[in-house]
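A quick note: this is a predicted structure, and the numbers were derived from the prediction, not measured. Below, read A as the first sequence line, B as the second, and so on, with proteins coming before strands; counting in each chain starts at 1. All values below come from the heavy atoms of this structure, side chains included, with hydrogens, waters and symmetry mates left out.
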2 protein chains.
Amino acid sequence: MTDAAADALAALARARIVPTATTAERTADAVREQVVEGRLAPGVRLPEQAFCDALSVSRNTLREAFSQLIAERILARAQHRGVFVATPGVADVRDVYRARRLVEPGAVRHGVHAADPLGGKALRAAVEEGRAAAASGDWTGVADANQHFHRAVVGLAGSTRLDAWMALLLAEMRLIFHRIGAVEDFHAPYLERNAAVADLVEQGRLEDAAAELDAYLADAEARIVAALEG
Amino acid sequence: MTDAAADALAALARARIVPTATTAERTADAVREQVVEGRLAPGVRLPEQAFCDALSVSRNTLREAFSQLIAERILARAQHRGVFVATPGVADVRDVYRARRLVEPGAVRHGVHAADPLGGKALRAAVEEGRAAAASGDWTGVADANQHFHRAVVGLAGSTRLDAWMALLLAEMRLIFHRIGAVEDFHAPYLERNAAVADLVEQGRLEDAAAELDAYLADAEARIVAALEG
DNA sequence: GCCGGAGCGATCGTTCAACGATCCGGCGAA
DNA sequence: TTCGCCGGATCGTTGAACGATCGCTCCGGC
């Protein structure tokens with residue numbers, strides 16, 4: 001075998017083809033999108049039969065999809081009563097932010113990609129995405145960009161497991177934002193704070209960036225808790 | 001209503017009774033235990049029919065249990081070929097340790113319970129458990145105690161979500177230990193390093209404790225990678 | 001009037017049987 | 001040897017069924 005052929009084989013082995021995710025996975029994706037987009041509000045019930053009909057899948061397949069979303073804390077199951085969209089409370093917000101305030105500043109401070117230029121690029125891209133969305137009044141886009149920014153932050157740590165876990169936490173955050181309604185002005189103030197963090201990272205002032213990010217997360221937590229309790 | 005009755009009600013509400021976890025959950029627990037205890041080695045196939053018969057559950061229920069364990073990365077599914085015990089490789093070890101080296105020292109440094117005496121107690125208890133197990137030659141017990149120690153470390157952060165996630169990573173670590181076989185002398189050196197970290201935490205020298213823990217994790221990672229490649 | 005239990009419908013948890021789709025291994029032909 | 005084809009085994013998915021449990025309504029007793 002030629003070396004070129006060997007290289008091609010190796011490339012194929014890396015880029016493993018995933019045919020067409022199983023029906024249960026596609027179903028889970030569809031339901032998850034409805035939830036994080038806010039079309040299914042926290043607390044509403046999800047009757048199995050109705051969703052089977054709407055999605056044209058069998059009850060067993062739907063239940064498998066539900067199980068996955070329950071593991072992600074996007075849905076919640078009440079024994080013999082049905083499945084509901086999760087309604088995170090103040091305790092959940094505190095719990096999530098304790099984790100985020102440990103992980104995100106840590107990724108900035110010690111992440112394997114925090115010092116190299118590529119890491120800074122990802123942060124910068126999310127900041128620009130947010131600014132563009134704000135300029136065109138697309139507040140949903142601003143919220144998306146904010147999520148991308150925080151995903152880029154934990155991406156500095158260079159751990160796919162950490163990335164996946166943070167994606168779950170951020171999906172849960174979206175539920176919370178839908179609970180408190182006001183999405184617009186909630187994310188606006190963070191546009192410039194994201195930019196400040198990105199600047200500091202690009203300048204290599206990682207310690208300052210981490211401190212700013214920590215203060216910023218503490219502030220966000222306080223505002224969310226206030227909104228939930230008020 | 002009397003105050004006593006109100007108190008009793010409140011207590012019941014807190015200690016929510018979970019009747020008997022659903023069959024799928026119990027099935028998942030049973031399979032997970034077989035895997036993390038090493039009775040099902042990494043790479044072996046888990047035929048659905050055989051496990052249905054052995055566990056006396058229907059195929060649908062078993063598949064739901066499998067799905068959960070796959071989400072935990074304990075099992076892996078190959079489309080149309082079956083379910084296998086996961087076989088974590090060097091890349092997985094590196095990924096897990098990047099996450100652990102961010103989270104564990106961070107929990108020691110900034111955890112909300114790192115400074116209070118209760119947090120130190122949990123670490124101390126795990127250290128003593130490990131010493132007792134070592135004294136009686138119970139190497140499996142030493143490994144368990146080691147896991148308990150690291151669980152106590154992240155417990156300092158005070159986030160149940162973080163605790164649950166770390167439990168997944170630690171379960172994956174057990175798979176890796178089973179792959180490289182030598183469980184005995186692998187955990188032995190860490191008995192005293194765990195103790196050193198616990199001491200430093202109890203003395204309030206959190207920065208030193210975090211540094212020691214980070215060095216210790218880096219060392220462990222290097223030894224595991226060497227064992228896998230050797 | 002309202003408080004608590006009996007009855008009822010709806011839904012969930014679980015199982016079973018079945019069908020097509022896909023993969024693996026072996027056999028034969030070029 | 002290599003390729004194509006075929007059969008067997010297993011998976012992915014469906015539909016239907018049964019008992020169990022829940023929420024609600026209704027009714028009698030205080």
Side-chain angles (χ1 to χ4, degrees), chain A residues 1-2 5-6 8-9 12-13 15-32 40 43-71 74-87, chain B residues 1-2 5-6 8-9 12-13 16-32 35 40 43-71 74-87:
Chain A
M1 189 188 312
T2 67
L9 274 183
L12 281 180
R16 184 72 55 86
I17 294 177
V18 178
T20 53
T22 169
T23 306
E25 291 177 38
R26 276 180 284 123
T27 305
D29 291 344
V31 175
R32 177 175 28 235
L40 288 170
V44 306
R45 182 152 164 275
L46 281 52
E48 297 187 349
Q49 195 54 55
F51 276 73
C52 291
D53 299 344
L55 297 168
S56 299
V57 297
S58 88
R59 200 153 77 94
N60 289 342
T61 303
L62 182 78
R63 285 174 58 81
E64 188 171 330
F66 275 1
S67 296
Q68 183 178 338
L69 296 176
I70 288 165
I74 288 176
L75 303 182
R77 160 166 285 143
Q79 287 259 43
H80 290 283
R81 295 203 297 113
V83 173
F84 302 78
V85 178
T87 44
Chain B
M1 189 187 311
T2 68
L9 275 183
L12 282 179
R16 184 72 57 86
I17 293 177
V18 178
T20 53
T22 170
T23 306
E25 292 177 36
R26 277 179 283 124
T27 304
D29 291 344
V31 175
R32 177 173 31 234
V35 172
L40 288 170
V44 305
R45 181 153 164 275
L46 280 53
E48 296 187 350
Q49 194 54 56
F51 276 73
C52 290
D53 299 343
L55 296 168
S56 299
V57 297
S58 88
R59 200 152 77 93
N60 298 67
T61 303
L62 182 77
R63 284 173 59 80
E64 188 172 331
F66 276 1
S67 296
Q68 184 178 340
L69 297 175
I70 288 165
I74 287 175
L75 303 183
R77 159 166 287 143
Q79 287 258 45
H80 289 283
R81 295 203 297 111
V83 173
F84 302 79
V85 178
T87 46

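- The CZ atom of A:R63 sits 12 Å away from the C1' atom of C:dT15 (whole-angstrom rounding).
- Side-chain contact between A:V31 and A:L55 is present, with at least one heavy-atom pair separated by less than 4.5 Å.
- The separation between A:R81 atom CZ and D:dG23 atom C1' is 9 Å, rounded to whole Å.
- Taking 4.5 Å as the limit, some side-chain heavy atom of B:R59 sits within range of a side-chain heavy atom of B:Q49.
- The shortest distance between the side-chain N/O atoms of A:T61 and the OP1/OP2 oxygens of D:dG12 is not below 4.0 Å.
- Rounded to whole Å, the distance from CD on B:Q49 to C1' on D:dG12 is 14 Å.
- When distances run from any side-chain atom of B:H80 to the nucleotides C:dT15, D:dC11, D:dC22, the shortest one goes to D:dC11.
- Distance CZ (A:R45) to C1' (C:dT11): 7 Å, rounded to an integer number of Å.
- Side-chain contact between B:R63 and B:N60: absent, with no pair of heavy atoms (C-beta onward) separated by less than 4.5 Å.
- Inter-residue side-chain proximity for B:V85 and B:L75 is flagged as met; some heavy-atom pair is nearer than 4.5 Å.
- Distance B:L62 CG to D:dG12 P: 11 Å, rounded to the nearest Å.
- Comparing atom distances between the B:Q79 side chain and each of D:dT14, C:dT14, D:dG12 picks out D:dG12 as nearest.
- As a whole-Å value, the separation of A:R77 CZ from C:dC12 P is 9 Å.
- In this structure, B:N60 atom CG and D:dC11 atom P are separated by 13 Å, rounded to whole Å.
- Between A:T23 and D:dT13 there is a side-chain polar atom (N or O) within less than 4.0 angstrom of OP1 or OP2.
- Among C:dA18, C:dC12, D:dT14, the nucleotide with an atom closest to any side-chain atom of A:E48 is C:dC12.
- Following rounding to the nearest Å, B:R59 (CZ) and C:dC16 (P) show an atom-to-atom distance of 12 Å.
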